[in-house]
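Quick note: numbers below take in every heavy atom, side chains included, and nothing from hydrogens, waters or symmetry partners. Here the structure is a predicted model, which is why all the values come from computation and not from measurement. In what follows, chains are A, B, ... by sequence order, proteins preceding strands, each numbered from 1.
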Amino acid sequence: MYSRPVLFDQSPTLAENFSLLQGRTKIAVLFDETGREQAEGILETANTIPAESLLVSEDTPDQKVSEFVASQKMGTQLCIVAQWDTAYRLFSLTVEEGASEEEIQTFIIGQKKRFVYCMKCFSTNEIAGEASAVQCQCSAHLEVGPFFSKVRKGYIGYPFIPVEQRQTVGS
Amino acid sequence: MFTQKLDFKTTDLTTFPFPFTSGNYRYSNDLKKLQNINCVEITPEYELQIKAKRRLLDEQPEVRFQSFPHTHEMQWEVLEMLVDMAVSRYPQHFEVEKDGKNWTFKNNILAEEESFVFGDSTTLKLEPFDYIGRHFHNDFVLMVQRDDNYYLEVGQVSYAALFSAHWNKGMSFNEIHAPVPFVSRKGDQMAERIRQFLHSIEAGEPWTRINWNLMANRWDVNYETMDVWEPERSLITAENAGELVRLRVEEQKFYRMPRSNAILFVLNTQFLPMEDLKLRQEWFDLTYSVLQDIPEPMAEYKGIAPYLPQTVEYLRREDEKIKASKESEA
Ligand code: HEM
Ligand SMILES: [Zn+2]
């Protein structure tokens with residue numbers, strides 16, 4: 001599809017604690033090594049319903065993940081437990097297989113990442129921590145706006161010229 | 001590089017879609033049934049506007065035109081509608097020969113002729129929507145209905161008031177309008193109600209509304225050039241506002257496309273400098289009244305807050321002059 005959901009820091013799928021989502025009768029857990037402990041916890045909590053899991057590393061081919069997701073039946077809740085970059089990749093592969101946000105719970109190990117989309121050069125840049133402004137690789141200064149684009153995969157970056165760099169015009 | 005200097009304004013005032021009907025303005029669901037359903041309109045500024053539009057599209061293709069690859073069939077439907085409208089309203093300016101799928105479209109104003117196979121995008125140098133859009137001074141946006149919402153899947157935007165085809169690509173009606181401080185007179189949230197209203201638009205019965213803004217010595221303002229126009233706004237003074245500040249009006253039209261079920265959003269953008277408002281006393285009075293009463297969030301959102309006071313001061317001085325000359329006549 002043309003504008004599938006993407007994982008971002010305000011994704012409705014992000015969760016702290018596992019809970020069985022409405023109408024789900026089975027769970028499938030995708031996790032990386034850092035998420036092993038939490039994944040095992042989830043599987044334990046949900047031990048009354050059928051469950052499956054897949055450990056994913058950087059070397060795991062996309063196709064293996066896609067096949068795992070595709071083989072899940074209707075009514076399965078998909079849990080992703082991993083560091084940001086891996087979670088991002090797993091999330092994208094999962095929605096590509098047709099899963100909707102209502103079927104996914106995402107647990108991030110460590111820091112979430114945020115990206116800003118430069119309206120000057122149309123590239124994405126990672127935002128350091130809580131920063132409200134970022135300098136793009138193209139040298140434009142960007143104010144991080146509150147609006148997110150799934151197609152551009154980042155928050156809008158409004159270009160501005162820092163006051164000290166402005167040429168004084170008139171008085 | 002494209003200069004934003006505006007070298008035209010509306011000269012035939014009968015074609016200017018003046019936006020105000022009362023002395024104060026608030027957001028509302030102000031859609032009305034469109035009377036003349038043909039959106040093709042040739043004004044005295046046609047050639048100037050087309051020239052500027054095409055220059056922008058050529059210089060900033062990424063900013064000004066965006067589409068998804070799956071939209072070609074829908075694009076051809078739009079092309080067909082616009083060609084038919086142009087030929088039926090202005091047979092002296094536009095002609096089409098249709099020999100089965102082999103079409104030849106002629107624009108006599110620009111002395112241009114193009115032959116293509118209808119439905120086969122490889123027979124055109126541009127995408128069908130981009131090609132046909134360049135024959136009319138309007139902006140065109142195709143909002144495709146999926147489930148309960150509308151998504152921007154094709155857009156050709158050369159007269160932006162914070163409208164970026166690039167940024168808004170793929171967004172839903174609600175996502176697009178998220179920045180608008182949509183509070184009506186009654187104080188309720190309007191975006192949902194308007195989206196529901198769009199569902200009721202039927203093929204062959206388009207709707208219309210007028211949106212307005214002010215422009216400080218520019219053709220358009222978009223997010224891509226914010227670093228340029230934001231600081232420039234402080235150059236407006238009560239002395240130069242008459243010439244440099246323009247009332248920028250968008251006549252918006254909404255068409256349900258019968259085959260794709262998408263909504264085609266057509267914008268006719270026209271400009272009138274503040275000093276020309278005096279040509280119609282009623283327009284001058286209404287604009288002066290409305291601009292004195294803009295709620296702060298609306299002024300901030302529209303990007304006019306830094307030069308609104310200077311503009312109102314210009315109008316106040318003119319108003320005094322008009323009143324004084326009336327008194328001396330009496
Ligand atoms: C369905 C097609 C439509 C599209 C593609 C569209 C697009 C837009 C865009 C891009 C903006 C600027 C948003 C920004 O600041 O980033 C905007 C603003 C706005 N839209 Fe729409 N719109 C549509 C329909 C409507 C309708 C039907 C209404 C009302 C009945 C409406 C009312 C408004 C208003 C009031 C604003 C704020 C404008 C201002 O104060 O200058 N829109 N729209
Ligand atoms: Zn950049």
Participant: Under 4.5 Å from any heavy atom of chain A, what part of P179(B) do you find: side chain, backbone, both or neither?
Facilitator: both

Participant: Which atom pair, heavy atoms only, marks the closest approach of W167(B) to G154(A)?
Facilitator: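 So the minimum-distance heavy-atom pair works out to CH2-O, 3.5 Å.
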
Participant: Would you say CD of E313(B) has more than 12 non-hydrogen atoms from neighbouring residues, nucleotides or ligands within 6.0 angstrom?
Facilitator: yes

Participant: Side chain, backbone, both or neither: which part of M226(B) has a non-hydrogen atom closer than 4.5 Å to chain A?
Facilitator: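 Contact with chain A: backbone and side chain both.
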
Participant: With side chains defined as the heavy atoms from C-beta onward, is the minimum distance between R152(A) and K169(B) less than 4.5 Å?
Facilitator: yes

Participant: Where along residues 30-37 of chain A does a heavy atom come under 4.5 Å of chain B, listed by residue number?
Facilitator: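 Within residues 30-37 of chain A, no residue comes under 4.5 Å from chain B.
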
Participant: Is there side-chain contact between V151(A) and F68(B), with at least one heavy-atom pair below 4.5 Å?
Facilitator: yes

Participant: Does atom CG of D148(B) have more than 12 heavy-atom neighbours from other groups under 6.0 Å away?
Facilitator: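 More than 12 heavy atoms, drawn from other residues, nucleotides or ligands, come within 6.0 Å of this atom.
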
Participant: Not counting sequence neighbours, list each pair that qualifies as a side chain to side chain donor-acceptor pair (under 3.5 Å) and has a residue in residues 40-52 of chain A.
Facilitator: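 Sorted result for residues 40-52 of chain A: K26(A)-E52(A).
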
Participant: Listing request: all salt bridge (Lys or Arg N to Asp or Glu O under 4.0 Å) pairs with a residue in residues 55-71 of chain A, at least two apart in sequence or in separate chains.
Facilitator: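 Output for this query lists D62(A)-R89(A).
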
Participant: Show me, pair by pair, the donor-acceptor contacts under 3.5 angstrom made by side chains of residues 116-131 of chain A, not counting sequence neighbours?
Facilitator:
from    : atom 1 : to      : atom 2 : distance (Å)
Y117(A) : OH     : H166(B) : NE2    : 2.5
K120(A) : NZ     : E224(B) : O      : 2.9
K120(A) : NZ     : D227(B) : OD1    : 3.0
K120(A) : NZ     : D227(B) : OD2    : 3.4
S123(A) : OG     : Q137(A) : NE2    : 2.9
N125(A) : OD1    : Q137(A) : N      : 3.3

Participant: About how many Å separate CD1 of I176(B) and CZ of F147(A), when rounded to the nearest 0.5 Å?
Facilitator: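 Between F147(A) CZ and I176(B) CD1, I get 12.5 Å after rounding to 0.5 Å.
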
